[in-house]
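Data block below; observations after.
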Amino acid sequence: MIGFGFDIIAAMGRMRIKKKSAVQPFRETLVYRLLLAVASFMFFVFSIYEMVSALRVSNTIAFIISGIAGVLASIGIFYNLGRARDIGLPAPKRHR
């Protein structure tokens with residue numbers, strides 16, 4: 001001990017252990033759903049680009065396939081945004 005014999009641990013009082021919050025799996029988090037929604041949006045933009053380029057060279061098969069892919073990507077966007085809305089936030093972050 002340095003100084004006047006002051007014990008810092010005893011002066012702090014009783015140490016309390018904080019209760020750990022429950023760990024939420026990553027697939028059930030808001031970040032995961034928003035990442036999937038952004039990936040679906042990027043795939044949607046790419047499929048629109050492919051549709052336009054297929055239309056310019058008059059490739060109807062590629063146009064139809066990219067149109068179907070664009071519809072599926074848009075369904076994925078709205079599905080993931082809908083699921084993101086229903087995800088509960090941890091208690092400390094609800095009041096922000």
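Every residue meeting the side chain to side chain contact (heavy atoms under 4.5 Å, CB included) condition with Phe41, not counting sequence neighbours, appears here in chain and number order: Val45, Ile77. In terms of the side chain to side chain contact (heavy atoms under 4.5 Å, CB included) criterion, residue partners of Ala62 (sequence neighbours excluded) are, by chain and number, Ala54, Asn59. Evaluation of the side-chain hydrogen bond (donor to acceptor under 3.5 Å, both in side chains) rule for Tyr79 yields Arg83 as partners, not counting sequence neighbours. Applying the side chain to side chain contact (heavy atoms under 4.5 Å, CB included) test to Ile68 and every residue at least two apart in sequence or in another chain returns Ile64, Leu72.
Through direct or relayed side-chain contacts under 4.5 Å between Ile, Leu, Val, Met, Phe, Trp and Tyr, Ile61 connects to Ile65. Other members of the cluster containing Phe43 do not exist, because no ILVMFWY side chain is joined to it at under 4.5 Å.
Evaluation of the side-chain hydrogen bond (donor to acceptor under 3.5 Å, both in side chains) test over residues 29-56, restricted to residues two or more places apart or in two chains, returns Arg33-Asn80.
A donor-acceptor pair is defined here as one N or O able to donate and one able to accept, closer than 3.5 Å; no such pair exists between the side chain of Ser58 and the backbone of Leu55.
Nearest heavy-atom pair across Gly70 and Phe44 is O-CD1, 3.3 Å. The heavy-atom pair separating Met51 from Ser66 by the smallest distance is CG-OG, 2.9 Å. Contact record, Leu81 with Ala37: CD2-CB, 4.0 Å, taken as the closest heavy-atom pair.
Side-chain heavy atoms closer than 4.5 Å link hydrophobic residues (I, L, V, M, F, W, Y) into clusters, and following such links, even through other members, never connects Leu36 to Leu34.
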